[in-house]
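Let me begin by presenting the structure, written as structure tokens, before commenting on it.
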Amino acid sequence: MNEGLALLYELQLADSGIRDRERALAALDDGSGSRAELAAAEHRLAAAEKRLHDDQTTLRDKELRLASIEQEQADKHKKAYGGLVSDPKELAALERKIEELTQLKSKLEDEILALMDSVEEQRASVVALREEVERLRARAADVEEHYRMERTRLEQEIQELQARRTELAAQAPPQLLAMYEQLRQRLGGVAVAGVVDGRCNACHNAVPRDMIDRIPRSEMPIRCETCRRILWVVS
Ligand SMILES: [Zn+2]
């Protein structure tokens with residue numbers, strides 16, 4: 001067996017392994033998308049909570065106002081019909097005032113009812129938004145945890161493969177190594193292709209039988225007729 005070529009094939013495996021892991025590393029989701037989604041949901045929740053709080057305050061104010069109108073109305077009623085007012089003008093003025101208060105009360109009651117409905121709806125929507133925020137927070141944490149684990153694993157594997165590459169490159173015959181590096185640069189990072197099931201596993205074209213037989217023993221690298229990569233028979 002041509003030890004030099006066997007070594008180049010090992011070197012190629014290390015280099016391809018490094019490249020695959022570097023690509024995987026670049027494609028990893030670091031969780032920034034999930035974080036942004038979480039931040040947007042938190043923003044919506046804060047706005048909904050503020051609106052709910054404001055409407056609850058308005059509702060309380062209106063209820064207080066209603067109570068004070070009811071009180072005023074009762075006072076006026078007592079005054080008008082308690083036998084204390086004998087002047088018809090004063091009585092008429094009081095009755096007008098009572099009527100005014102009745103209308104005001106009715107309007108306020110309508111507003112309070114509408115506001116109560118709205119507050120109920122908003123409470124439900126705040127609950128739903130809180131759940132949404134919790135769900136997104138858990139998901140963002142998951143994505144980030146997965147990212148940290150995967151990054152650590154990939155970086156460690158890259159380090160190991162780089163150490164292996166250095167070791168192999170030191171053992172390879174200098175001329176073969178130079179050829180390897182040149183081809184790798186020209187051919188998209190792959191200088192050595194394995195022959196699998198009678199085909200070059202880089203370009204997938206068939207390799208003639210007699211060529212395959214010569215590969216392991218040949219002193220000179222045998223190259224794929226189609227893609228020009230150095231071929232090696234994977235045992
Ligand atoms: Zn090929």
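Keep in mind that this is a model prediction, so the values were computed, not measured.
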With side chain to side chain contact (heavy atoms under 4.5 Å, CB included) as the test, would you mind laying out the steps for E120 and M116 before giving the verdict?
CA-CA 6 Å; E120 257 336 286; M116 279 170 118; over 6 Å; no
Give the intermediate values and the outcome of salt bridge (charged side-chain N to carboxylate O under 4.0 Å, His left out) for residues E145 and R148.
CA-CA 5 Å; E145 172 68 9; R148 273 194 295 276; 3.3 Å; yes
Between R96 and E100, does the salt bridge (charged side-chain N to carboxylate O under 4.0 Å, His left out) criterion hold? Intermediate values first, please.
CA-CA 6 Å; R96 269 201 308 280; E100 225 173 77; over 6 Å; no
The test is side chain to side chain contact (heavy atoms under 4.5 Å, CB included); show your working for M211 and E225 and say whether it passes.
CA-CA 10 Å; M211 209 167 159; E225 287 172 329; 4.0 Å; yes
Run V190 and L187 through side chain to side chain contact (heavy atoms under 4.5 Å, CB included) and show every step you take.
CA-CA 6 Å; V190 181; L187 298 169; 5.7 Å; no
Hey, mind stepping through L52 and Q56 against side chain to side chain contact (heavy atoms under 4.5 Å, CB included) and telling me if it holds?
CA-CA 6 Å; L52 174 60; Q56 279 172 327; 3.9 Å; yes
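Side-chain atoms of T152 and Q156 form no donor-acceptor pair, as typed in the model, at a separation below 3.5 Å. Checking S16 against Q12 by side-chain atom types alone, a donor-acceptor pair falls below 3.5 Å. At a cut-off of 3.5 Å, with distance as the only test, no side-chain donor of Q159 or E155 sits close to an acceptor on the other residue.
Side-chain contact between Y180 and V192 is present, with heavy atoms from C-beta onward closer than 4.5 Å. Looking at heavy atoms from C-beta onward, C200 lies out of side-chain contact with T226 at the 4.5 angstrom threshold. Side-chain contact between R223 and M179 is present, with at least one heavy-atom pair separated by less than 4.5 Å. For the pair L38/V133, a side-chain contact is recorded, criterion being any heavy-atom separation below 4.5 Å from C-beta on.
Annotation: the span from D55 atom CG to K50 atom NZ amounts to 9.5 Å, rounded to 0.5 Å. Between Q122 atom CD and H53 atom NE2 the span is 12.5 Å, to the nearest 0.5 Å. Of the inter-residue distances, the one linking Q71 atom CD with K76 atom NZ reads 10.5 Å to the nearest 0.5 angstrom. Put simply, CG on D30 and NE2 on H146 are 12.5 Å apart, with the number rounded to the nearest 0.5 Å. Remark: R65 CZ to D61 CG distance equals 10.0 Å, nearest 0.5 Å.
Sparse packing is recorded around CD of Q182, with 12 or fewer heavy atoms of other residues, nucleotides or ligands lying under 6.0 Å away. Counted within 6.0 Å of CG on D197, heavy atoms from surrounding residues, nucleotides or ligands total 12 or fewer; the atom is thus considered open. Crowding of R51 atom CZ: a count of heavy atoms from other residues, nucleotides or ligands under 6.0 Å not exceeding 12.
L168 pairs with exactly one of L13, L11, L8, L177 by the side chain to side chain contact (heavy atoms under 4.5 Å, CB included) rule, that one being L11.
Take R199 and apply the side-chain hydrogen bond (donor to acceptor under 3.5 Å, both in side chains) test, not counting sequence neighbours, and it matches no residue.
Both V234 and V195 are assigned to one and the same hydrophobic cluster, defined by single-linkage of ILVMFWY side chains at heavy-atom distances under 4.5 Å. Connection of L104 to L94 is not established within any shared hydrophobic cluster, with ILVMFWY side chains joined at heavy-atom distances below 4.5 Å, either directly or through further cluster members. At a threshold of 4.5 Å between side-chain heavy atoms, the hydrophobic network of Ile, Leu, Val, Met, Phe, Trp and Tyr places L161 and L28 in one connected group.
Looking at every heavy atom in both residues, V143 comes nearest to S34 through CG2-OG, 3.7 Å. Annotation for A191 and L183: closest pair CB-CB, 3.7 Å, computed over non-hydrogen atoms.
A salt bridge is absent between D75 and K79; no separation between the charged side-chain nitrogens and carboxylate oxygens falls under 4.0 Å. Ionic pairing of R135 and E131 is not present here: no N-O contact between side-chain nitrogen and carboxylate oxygen is shorter than 4.0 angstrom. A salt bridge does not link R19 with E22: none of the charged nitrogens is closer than 4.0 Å to a carboxylate oxygen. Between R165 and E181 there is a salt bridge, since a side-chain N of the basic residue sits under 4.0 Å from a carboxylate O of the acidic one. A salt bridge is defined here as a Lys NZ or Arg NE, NH1 or NH2 lying under 4.0 Å from an Asp or Glu carboxylate O, and E134 with R137 meets this definition. Ion pairing between a basic and an acidic side chain is recognised when a charged N comes within 4.0 Å of a carboxylate O; E160 and R164 show no such pairing.
Between the side chain of S106 and the backbone N or O of T102 there is no donor-acceptor pair closer than 3.5 Å.
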